[in-house]
Amino acid sequence: MARRYDSRTTIFSPEGRLYQVEYAMEAISHAGTALGILATDGIVLAAEKKVTSKLLEQIVSSEKLYVISDHIAVAVAGLTADANSLINHVRQQAQRYLITYKEEIPVEQLVQGLCDMKQGYTQYGESRFIGLRPFGVSFLYAGHDEHYGFQLYQSDPSGNYSGWKATCIGANSSNAQSILKQEYKEEGIDLESAKRMALRVLSKTMDATTLGSDKMEFATLSKNVKGKVVFKVFKPEEIEVLLEGENLLQAKEEEK
Amino acid sequence: MQVLIGIAGKDFVLTAADTTTARSIVVMKHGEDKSRLLNKHNLLLYTGEPGDTVQFAEYIQCNIKLYEIRNGLELGTSACASFVRKQMAESLRSRGPYNVNYLIAGASKKGEPELYWGDYLAASQKMPFAAQGYAAYFVMSTMDRYWRPDLSLEEARVLLQKCLDELKTRFIGNLPEFLIKVVDKDGVRIIA
């Protein structure tokens, strides 16, 4: 019954569902996990890479984590090519705001702008052609602005978004989400605790039998001593240090 | 003929605009308010081509209001000034540019005063004191001489009066009445 309505993205099914949007979300549930944790003094983004190889030049090419502007970065779960297209769009949006107002775009406005675009593809598509599919990407946005400080948002292919203290997208995300719910403290945590929490949660949900720095991307958004917002992507060696700190490297080796 | 003056003080901006509307040799109206409130802490004062002025000012006013409604945030003075300048720049190379010169007076950052001077060629500059119109030729030197940082409201009012007196003495145009406003952390109000 559903099959008849699959081919068009822009119409409802008889039960009132948008199947293409749901299929897009299904695609994302197979993608590498990405999680974000909001701390009082910053945000952690951590993700499991699907393409793992020591030959990958990590500094140049990133699979999961992308800078949008000086004060916003995103983690991706889903079709990387779709993500690149959206990221290109949202980077331009951030600069367009900057050239008009000479100020950084407030984080929520950037999220809304991208979600408006995603929603458009579920209703009418960019050039009004039929048969365009929604973007098969979910994003975690980590950003800072002077209005609301550090913020973490999540968006999905439908174009819905919401703000979070800690959240997860991609494979095993419901698993990770429940762990986060247990671990996260209501009164807030600091960035150091958030980093450790992120690694602990990721280690519990990752498929890999050995947890390694080549299988994940790890970054933090915070302020440096001068008060400037910095997005720091951790190098493999730095991730190893963190993992060792959490006894995660040894723990996995013991399991072997 | 039209005159706009702005003076940034300690925690406020004092503005004055003449209230005469004239066409050629005829004074059509007294009591015209040549400004539009952009949001609680920002005021746009304008002079220039009749029609263009009000159209531009109200267009800006509505866009800034829309921003506030959409995003729940009050746009700060420098962001307002940047936005207005950008609109001017786009208008400049369009079929019909806006022939409008303006001042933006604001105190959005916790009462910290900011004054922006902008013209129809899309120039924009933050200034401690500024004037538009023929007045500029007379009052800028007066303000150069007497303006200091951290002026109190009374001191700024005295300085403004010096400027208006200068115009009375030396400017051929007859400007009998000025509308004087203050922009500070509590918003915009008219003063005598």
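Side chains are part of it too, since the values below use all heavy atoms of this structure and drop only hydrogens, waters and symmetry mates. Below, chains carry the letters A, B, ... as their sequence lines are ordered, and counting in each starts from 1.
Ring orientation note: the planes of Tyr101(A) and Phe83(B) are close to parallel, at an angle under 30° on the 30°/60° scale.
The neighbour count for Lys86(B) NZ, taken as heavy atoms of other residues, nucleotides or ligands under 6.0 Å away, is above 12. In this structure, Tyr120(B) places its OH atom where only 12 or fewer heavy-atom neighbours from other residues, nucleotides or ligands lie under 6.0 Å away. The number of heavy atoms from other shown groups lying within 6.0 Å of CZ (Arg23(B)) is above 12. In this structure, Ile99(A) places its CD1 atom where only 12 or fewer heavy-atom neighbours from other residues, nucleotides or ligands lie under 6.0 Å away. With a 6.0 Å radius and a threshold of 12 heavy atoms from other residues, nucleotides or ligands, Lys232(A) has its NZ atom above the threshold.
Within the 4.5 Å cutoff, side-chain heavy atoms of Glu103(A) are placed close to those of Ser78(B).
Atom CG of residue Asp145(A) and atom CG of residue Leu73(B) lie 7.5 Å apart, to the nearest 0.5 angstrom. Between the CZ atom in Arg85(B) and the NZ atom in Lys102(A) there is a gap of 6.5 Å [rounded to 0.5 Å].
For Glu108(A), no part sits under 4.5 Å from any heavy atom of chain B, backbone or side chain.
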